[in-house]
Structure formats: structure tokens, C-alpha cells
Amino acid sequence: MPSPVPPAIEARGLTKHYGRHTVVQDVSFTLAAGETLVLLGPSGCGKTTLLRMLNRLVEPDTGAVYIQGQDVRSQAAPALRRGIGYVIQQVGLLPHYTVGDNIAVVPRLLGHPAAQVAARTEALLARLHLPPERYAAQYPHQLSGGQQQRVGLARALAADPPIILLDEPFGALDPITRASVRRDFRELEELRRKTVVLVTHDVTEAFELADRIMLLDAGKVQQLGTPRELLFQPANDFVRQFFEAEQLALQLRTLQVCDVMADAVFNHESLSIPNYKSDSNTISPIASIQDAIALLSTADATVSGSTAPALVWVTPLPEQPETGPVPFSLPTLMTAFGRTIQRLRTS
Ligand SMILES: Nc1ncnc2c1ncn2[C@@H]1O[C@H](COP(=O)(O)OP(=O)(O)OP(=O)(O)O)[C@@H](O)[C@H]1O
């Protein structure tokens with residue numbers, strides 16, 4: 001029998017004290033290859049300390065970390081770190097190196113061929129919207145904060161490590177730049193294949209990027225689960241209260257149209273439903289409720305002379321092609337959403 005694939009990262013009983021303070025307390029988790037885990041929690045709860053234990057920038061007092069099944073203490077810390085991408089809020093680019101040289105540092109240390117390093121550097125800059133012919137020869141101080149953060153990301157990806165650790169990578173940016181760097185980050189195809197651990201205290205960011213979220217308070221795990229589990233099955237009052245202020249926005253972003261279909265009552269549309277046409281507004285069943293509302297708010301009631309409300313047509317799930325597109329108006333969608341929330345809260 002083939003031996004089972006070890007997890008990309010496994011933390012067992014990690015504990016760290018500073019003086020009399022226990023800043024990380026008995027934290028364990030297992031991450032499969034390709035998963036994104038977000039460490040979330042209030043300032044000082046131990047997120048950065050926990051992240052830095054994964055690449056041995058901090059040594060735990062007790063507990064152990066295994067990367068691809070291997071105890072991290074069995075490798076020299078510098079060699080371990082060269083194999084794990086690391087991005088921090090302060091970026092930490094080398095000021096006297098050009099952008100291109102900053103990105104090439106780790107692959108050169110690892111002895112990658114020069115031509116390969118140059119091609120990789122150019123490709124990463126282009127993918128992160130920094131045309132290499134303009135930016136590769138510039139120095140970090142000539143770039144904006146958002147551009148520097150993109151270079152930091154390119155540097156972490158340069159040697160194509162299977163694991164990337166990110167500590168508040170968008171934290172120093174203004175809200176607009178932050179949203180745009182985050183979008184580039186989300187759309188980077190190669191990140192989807194990587195195992196990512198990301199620290200943030202921004203709830204929206206956590207929900208946007210995480211496969212699973214670990215919510216910490218005072219060094220202890222309050223809940224580890226999918227965004228949906230934390231939102232609809234909070235483990236305790238801390239978890240419930242942590243998301244309370246942004247609850248509606250998170251629900252609109254987390255629930256998909258297919259989640260509310262079963263709770264829909266179609267009497268609003270029954271007044272007069274036009275036939276589905278190829279140029280009708282359509283939306284995927286896995287789109288978020290937020291995206292469906294955005295589309296409905298711009299959709300016209302195009303049926304002249306009728307009392308029909310504006311509609312979007314939800315395309316069928318691949319496993320149910322026979323159902324055909326289903327029309328949704330805003331009132332129907334919102335009523336279904338409300339019912340679904342009630343159902344999930346009581347289930
Ligand atoms: N080297 C250190 N020496 C002493 N105390 C430390 C050290 N590093 C961190 N701490 C303390 O450990 C606690 C956790 O710090 P940590 O930076 O891990 O929290 P965090 O959740 O990342 O916070 P933030 O979101 O504000 O960055 C804090 O109380 C901090 O003061």
C-alpha cells in the first residue's frame with residue numbers, strides 16, 4: 001500500500017511564553033496541500049508568534065511543527081526558511097538592490113540557473129501588474145507602498161516554494177490600494193496550488209481569502225473551521241461577538257445563490273414572467289448573494305408594458321442541467337435569504 005501523503009503543515013501543541021505571559025497556548029492544526037488558513041483575532045492574541053513558529057523565527061517552548069511530515073527542527077533554520085515564502089507588512093525589501101535583484105535573491109541563493117531566474121522575475125512582475133521593462137531596474141524607494149507590497153509578494157513566490165506565510169501583507173496600505181493588491185493576490189493562479197497561512201485582524205479579508213479560519217483570543221484557539229462554520233455555528237460567545245458587527249455583510253458574501261434556492265417562494269415573479277432569452281441577465285448558482293443583489297440592482301425590467309420586476313436568471317448547477325434557468329427578483333431573493341438564515345441559525 002502507498003504510504004499516506006503527510007499534511008503540508010502540522011502543528012502539535014504549540015505553546016509559547018514570554019515572561020509570565022502565555023502568548024500561544026496549546027495550538028494544534030493540520031493543513032492539507034493547497035489550503036489557505038487565516039489566523040484571525042484581536043491585536044496581541046498571538047497570531048504573529050504562531051505564524052513565526054512555523055518557519056522557526058520563533059521557537060516554541062513546547063510542541064512541534066512538521067512540514068511535509070518532517071520536524072522543522074531537523075533542518076537548519078536558514079535552509080528551512082529558503083523553502084518557505086514569507087511576506088510581512090513592512091515588506092523588508094533590500095534598499096540598495098533593484099526590484100529585479102530583490103525578487104531574485106532566494107532563487108540565486110538556491111543556485112537556480114541565471115536565465116531561469118531572470119525569466120521567473122519578469123513573469124512575476126508582469127503578473128503583478130508591474131511591467132518589468134519599467135520596474136525591474138528601479139529601487140524600492142521609487143515605488144509606492146502598494147507596488148512595494150507586490151514586489152514583496154513576487155519575492156516570496158520567486159523560488160516557487162510550496163508554502164507561503166503572510167503576516168498582515170496588506171496591513172500598511174490605504175483601503176483602495178489594499179483592495180486592489182488583495183484582488184491581484186486572489187487572482188494569482190499559482191497561489192491556488194500553494195499552502196498559505198495568512199495573519200490578519202481584518203474580518204472581511206479573512207472571509208475573502210480563507211478556506212479555513214483559526215480565530216484566536218489570548219493565545220487560545222476559539223474556533224477552527226470554514227468561514228461558514230464560524231458564521232453559522234459559532235463555538236462560543238467570543239466567536240459570535242467577534243463577527244456580530246459585520247454579520248449581515250459576511251452572510252451576504254458567504255451564502256451562495258444555490259444555498260437559498262430551496263427557501264425561495266416564487267409568487268413575486270408569477271405576475272408575468274417573460275420567457276428566458278439568450279440575452280437575459282444570468283448568474284451562476286455559486287455566485288454570492290451579494291453579487292446577485294448587485295446584478296439585480298442594475299438589471300432593468302425590460303418587459304415593456306408589464307408589471308414584471310427586474311429579474312436575473314440563475315443558471316442550473318452542472319449536476320441538475322434539466323432544471324433550466326430559474327428567474328429571481330430582488331424581493332424573492334431577499335425573502336429566500338432571510339429564510340435560509342433562520343434555518344441555518346436553528347439547525
Ligand atoms: N519577543 C517578544 N518578547 C516579549 N513579548 C512578546 C514578544 N513577541 C510578542 N510578544 C507579546 O506576545 C503577545 C502576542 O504578540 P503577537 O505579535 O503574536 O500578537 P498578534 O496577534 O500578532 O498582534 P497584532 O495583531 O497586534 O500584530 C503580545 O502581548 C506581545 O506583546
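Atoms within a ligand are numbered from 1 in the order they appear, just like the ligands themselves.
Judged purely by atom type and a 3.5 angstrom limit, Gln223 uses its side chain to pair as donor or acceptor with the backbone of Gln233. Judged by distance alone, the side chain of Lys220 and the main-chain N or O of Asp26 form no donor-acceptor pair under 3.5 Å.
Listed as neighbours of ligand 1 are Tyr18, Val23, Pro42, Ser43, Gly44, Cys45, Gly46, Lys47, Thr48, Thr49, each bearing a heavy atom under 4.0 Å from the ligand.
Residues forming a salt bridge (charged side-chain N to carboxylate O under 4.0 Å, His left out) with Arg52 (at least two apart in sequence, or on another chain): none.
The one candidate from Leu252, Thr254, Thr340, Asp259 that meets the side chain to side chain contact (heavy atoms under 4.5 Å, CB included) condition with Ile289 is Leu252.
Of all the heavy atoms in Gln256 and Ile286, the pair that sits closest is NE2-O, 3.3 Å.
Residues Ser180 and Arg150 have side chains that bring a donor and an acceptor to within less than 3.5 angstrom of each other.
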